[in-house]
*Asks:* 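Right, I'll just put the structure down here and ask away after.
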Amino acid sequence: PLSLLKTAQSHPMLVELKNGETYNGHLVSCDSWMNINLRDVICTSKDGDRFWRMPECYIRGSTIKYLRIPDEVIDMVKEDAQAKSRNRTEMNKNRGGNASQNQRGGRPGGGNRNNVGNRPGQGYGGPANNAMRLGGAAGQGNRLPHAAKNRK
């Protein structure tokens with residue numbers, strides 16, 4: 001929503017507040033709390049009987065019920081999102097290999113067998129990690145050997 005508002009700057013929009021009032025104007029600016037500044041504003045009362053014209057107004061984001069933004073702005077945001085998605089795909093192709101394999105210890109599908117962080121002794125059960133465990137066999141996870149379970 002915030003990227004949509006940033007793109008909608010200088011475009012006309014309608015803002016309806018939770019109390020029922022509506023504000024029609026051109027978006028000047030917005031912030032991360034969805035507080036917005038409008039210029040050339042026409043305010044309509046809740047019942048629609050009264051109108052006010054204002055050169056500018058500030059609307060607190062927490063009072064907004066909904067926004068109506070022109071379709072052209074929404075189309076611009078969709079195009080930007082698609083372009084970013086294409087760029088990410090191309091960057092991943094240029095890196096070579098599957099990103100999940102590179103980040104997850106080389107196992108296809110990623111992750112480790114124990115679903116615990118990649119600390120020593122808690123990997124997926126390869127030969128290097130077995131030495132850190134209490135003598136467990138490959139793929140046994142962090143379970144104690146049978147003889148160690150019965151000791152007190």
Side-chain angles (χ1 to χ4, degrees), residues 1-126 128-130 132-134 136 138-144:
L2 290 176
S3 62
L4 182 66
L5 284 177
K6 296 282 185 193
T7 305
Q9 286 183 353
S10 76
H11 288 85
M13 67 183 327
L14 176 133
V15 180
E16 183 174 337
L17 304 184
K18 292 176 183 176
N19 67 8
E21 293 178 349
T22 60
Y23 292 80
N24 279 297
H26 287 78
L27 181 63
V28 175
S29 64
C30 64
D31 63 17
S32 58
W33 294 277
M34 216 162 86
N35 300 322
I36 59 176
N37 289 315
L38 297 175
R39 67 174 164 76
D40 302 326
V41 182
I42 297 174
C43 176
T44 306
S45 65
K46 180 179 181 176
D47 53 13
D49 292 342
R50 291 171 294 187
F51 301 91
W52 297 271
R53 184 176 212 82
M54 298 178 268
E56 61 184 296
C57 81
Y58 174 85
I59 300 173
R60 184 178 168 135
S62 64
T63 64
I64 296 173
K65 183 177 184 180
Y66 74 83
L67 303 166
R68 187 175 299 164
I69 298 173
D71 289 338
E72 65 191 39
V73 174
I74 295 170
D75 293 340
M76 289 167 48
V77 172
K78 284 181 183 177
E79 289 171 9
D80 286 346
Q82 289 172 349
K84 286 180 183 177
S85 175
R86 274 186 253 120
N87 287 342
R88 282 189 202 119
T89 303
E90 289 174 12
M91 287 180 67
N92 286 338
K93 286 180 184 177
N94 291 337
R95 285 184 186 163
N98 184 348
S100 67
Q101 276 186 319
N102 293 336
Q103 293 174 358
R104 300 290 185 156
R107 280 187 59 225
N112 57 42
R113 195 164 303 233
N114 299 317
N115 292 326
V116 180
N118 287 326
R119 294 176 295 205
Q122 295 190 2
Y124 77 93
N129 288 329
N130 283 336
M132 298 296 287
R133 295 197 191 125
L134 299 171
Q140 195 174 15
N142 285 333
R143 291 179 281 168
L144 295 174

*Asks:* Quick one: does N94's side chain have a donor or acceptor within less than 3.5 Å of a partner on E90's backbone?
*Replies:*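 Checked: pair present.
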
*Asks:* Please report the closest heavy-atom contact between M76 and T7, naming both atoms and the distance.
*Replies:*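 M76 and T7 have their closest heavy atoms at CE-CG2, 3.6 Å.
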
*Asks:* Just wondering, more than 12 heavy atoms not from D71 lying within 6.0 Å of its CG?
*Replies:*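 Not more than 12 within 6.0 Å, no.
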
*Asks:* Determine whether a donor-acceptor pair (N or O, by modelled atom type, separation under 3.5 Å) exists between the side chain of D40 and the backbone of G25.
*Replies:*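 Side chain of D40 to backbone of G25: no pair is present.
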
*Asks:* Whether the side chain of S85 engages the backbone of A81 through a donor-acceptor N/O pair (distance < 3.5 Å, no angle test) should be reported.
*Replies:*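 Checked: no pair found.
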
*Asks:* Can you find a pair of side-chain heavy atoms, one from L5 and one from L67, that are under 4.5 Å apart?
*Replies:*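 They are in side-chain contact.
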
*Asks:* Verify side-chain contact (heavy atoms from CB on, under 4.5 Å) between N24 and V41, making sure each step is shown before the conclusion.
*Replies:* CA-CA 5 Å; N24 279 297; V41 182; over 6 Å; no

*Asks:* What are the two closest non-hydrogen atoms of I59 and V15, and how far apart are they?
*Replies:*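 For I59 versus V15, the nearest heavy atoms are CD1-CG1, 4.1 Å.
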
*Asks:* What residues form a side-chain hydrogen bond (donor to acceptor under 3.5 Å, both in side chains) with S29, not counting sequence neighbours?
*Replies:*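 Counting only residues at least two positions away or on another chain, S29 forms a side-chain hydrogen bond (donor to acceptor under 3.5 Å, both in side chains) with N37.
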
*Asks:* Does atom CZ (R60) have a neighbourhood of more than 12 heavy atoms from anything else shown, all under 6.0 Å?
*Replies:*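 Count not over threshold, so no.
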
*Asks:* In Å, rounded to the nearest 0.5 Å, how long is the span from CD1 of I36 to OH of Y23?
*Replies:*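 The OH atom of Y23 is 10.5 Å from CD1 of I36, to the nearest 0.5 Å.
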
*Asks:* Whether the side chain of K78 engages the backbone of V73 through a donor-acceptor N/O pair (distance < 3.5 Å, no angle test) should be reported.
*Replies:*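 Looks like no, no N/O pair under 3.5 Å.
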
*Asks:* So that I can tick it off, tell me whether K65 and E16 are bridged by a salt bridge, with the cut-off set at under 4.0 angstrom between side-chain N and carboxylate O.
*Replies:*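 Yes.
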
